[in-house]
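Counting convention: from 1, in listed order, for ligands and their atoms alike. This is a predicted model, so every value here is computed, not measured. Computed over heavy atoms, backbone and side chain alike; hydrogens, waters and symmetry mates excluded.
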Amino acid sequence: MSVVQKVAEWRRHIHQHPELSTKEFNTSKFVADKLEEFGLAVHRNVGGTGVVGILKNGTSKRSIGLRADMDALAIHEQNCFDYKSKTDGVMHACGHDGHTAMLLGAAYELANNPSFDGTVYFIFQPDEERGTGAKAMIADGLFTRWNIDAVYGMHNLPGVPAGKFATRAGALMASESAFKIVVKATGGHAAMPHTGTDPIVVGSQIVTALQTIVSRNLSAIDETAVISVTNFETNGTVNVIPSEVTISGDTRSYTDSTLRKVEKAIERVVAGQCLSAGVSYEYQFNNSYLSTINSLDETQYAVAAAEKVVGAPNVDGNCKRYTISEDFSFMLREVAGCYILIGNGEGECGGTALHNPHYDFNDDILPTGIDFWVALVNNQLRSDL
Ligand SMILES: [Zn+2]
Ligand SMILES: [Zn+2]
C-alpha cells in the first residue's frame with residue numbers, strides 16, 4: 001500500500017470517529033501510537049489531549065514546529081459515504097481529520113527518509129474550534145519545554161481549486177471577540193410607558209449607534225473591523241415593557257490596537273445611550289482568538305515550499321485577508337511562523353463550506369499537503385547550510 005493510500009485510510013478512520021473539542025482522547029492516542037510506530041519521541045497529554053512528536057536528524061540546533069488540529073464539531077453529518085461519522089451529532093466538518101492525517105503522513109515520510117539537519121516538532125493540538133487548544137499547549141510549556149524556532153500551520157479552504165496554496169505576510173486572519181450588553185431598566189405597563197424606563201428603545205438605539213464605530217471611529221485604511229449584533233433578547237411580553245434587554249454579538253479586527261479600540265468604543269456607545277435614557281447596563285467583552293499574523297521570513301519559506309510542490313502559478317503568496325479566525329494565532333505570538341491555506345477543491349469535489357453537514361475533506365489533496373510539509377522541513381532545515 002502506498003503512503004498516500006495509508007494516509008487516506010488514517011484520514012477516513014479519524015473521520016469515522018470524530019471527537020469534540022478537548023475530548024480528543026482516541027484521536028490523540030491514535031496519533032501518538034502512530035508517531036511511536038514511526039520511531040519518534042512522543043509526549044502525550046500536552047495541554048490536555050495534545051501530542052508532541054520529536055524527530056531529530058543530524059547535528060544542527062535548528063528546529064521547526066508543524067501543527068495540526070484534531071477536534072471535530074457538534075454537527076450531525078448528512079453525508080452518505082461508508083466512512084461517515086459513527087457518532088451521532090459529531091462530525092469532522094472543518095477538515096481537521098485531513099490536517100491530522102497529512103501531518104502524520106509527513107512524520108512518516110520524514111522519519112523514513114530523513115535528509116534534513118535539525119529537529120522537527122510535530123504538534124497535534126486539541127480544541128481549535130473553541131479556541132482553547134493552542135493556549136493550553138502553550139501554558140503547558142510548548143515553547144519553554146522545547147526550543148522551537150518557528151511554527152507552521154495549514155488549513156484547507158473549500159471553493160479554492162484542489163491543492164492551490166494561499167498565504168500572506170502580516171495579518172492573514174482576523175481576531176474574534178464576543179460582546180454582551182445587558183440594558184437594565186424598570187419596564188412597566190405597555191399602556192403607560194411614561195411611568196418607567198424602556199430598555200427596548202435604548203437597546204435599539206445602541207444597535208444603530210454601534211454601526212458608527214466602524215464607519216466613524218476607525219480608519220478605513222488600516223483599522224478594518226467588523227461589528228455584528230447577532231442576538232437581541234428581552235424579558236417582555238405583548239403588554240409588558242421589559243425590564244431587561246440583552247444584546248450580544250461578535251467583532252473581528254486585524255490588529256491588537258483596533259481590537260482594544262473596538263472594545264472601548266462599544267462601551268462608550270452603550271454608556272452614552274444608557275445615560276441619556278436614565279437606565280443602567282452591564283458590559284462584557286471576551287476575546288477568543290487574536291489575529292493570525294505571519295512573519296515575513298517564515299512566509300517566504302512557506303511560499304517557497306508550496307511553489308516547489310505545485311509550481312509558482314498555483315501559489316498566491318500575497319492573498320487577500322480573511323475575516324475568519326484561528327487559534328494558531330496564539331502560537332504565532334510566541335514564535336515566528338506562518339499559516340497557509342490549501343485549496344480543498346470546487347463544486348462537488350471539495351467545494352462544500354466548512355462547518356456544513358455535507359462538508360468532507362478532499363483526499364486528493366493529501367499528497368500535496370504531505371509534500372508541502374516535507375519540502376518545508378527540507379528547505380528550512382537544509383543539511384548544506
Ligand atoms: Zn472550524
Ligand atoms: Zn478548522
Quiz item: Does the side chain of Q125 come under 3.5 Å of the side chain of D327 through a donor N or O and an acceptor N or O?
Solution: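 Short answer, yes.
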Quiz item: Once rounded to 10°, what is the value of the angle centred on the Zn ion (ligand 1) between E129 OE2 and H355 NE2?
Solution: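 It is 110°, given to the nearest 10°.
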Exercise. Measure from NZ or CZ of K34 to the centre of the six-membered ring of F38, then state whether that distance is under 6.0 Å and the direction lies within 45° of the axis.
Key: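 No, cation not above the ring by the 6.0 Å, 45° rule.
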Quiz item: So, E128 and the Zn ion (ligand 1): N/O/S under 2.8 Å, yes or no?
Solution: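 E128 does not place any N, O or S atom closer than 2.8 Å to the Zn ion (ligand 1).
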Practice problem: Quick one: sort the H13 and F30 rings into parallel, tilted or perpendicular, breaks at 30° and 60°. | Solution: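 Parallel.
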Practice problem: Using the six-membered ring wherever Trp is involved, compare the ring planes of F285 and Y283 and label them parallel, tilted or perpendicular (cut-offs 30° and 60°). | Solution: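 Tilted: the ring planes of F285 and Y283 meet at 30° to 60°.
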Self-check item: Geometry at the Zn ion (ligand 2) - H155 NE2 versus C94 SG angle, rounded to 10 degrees
Solution: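 If I round to 10°, I get 100°.
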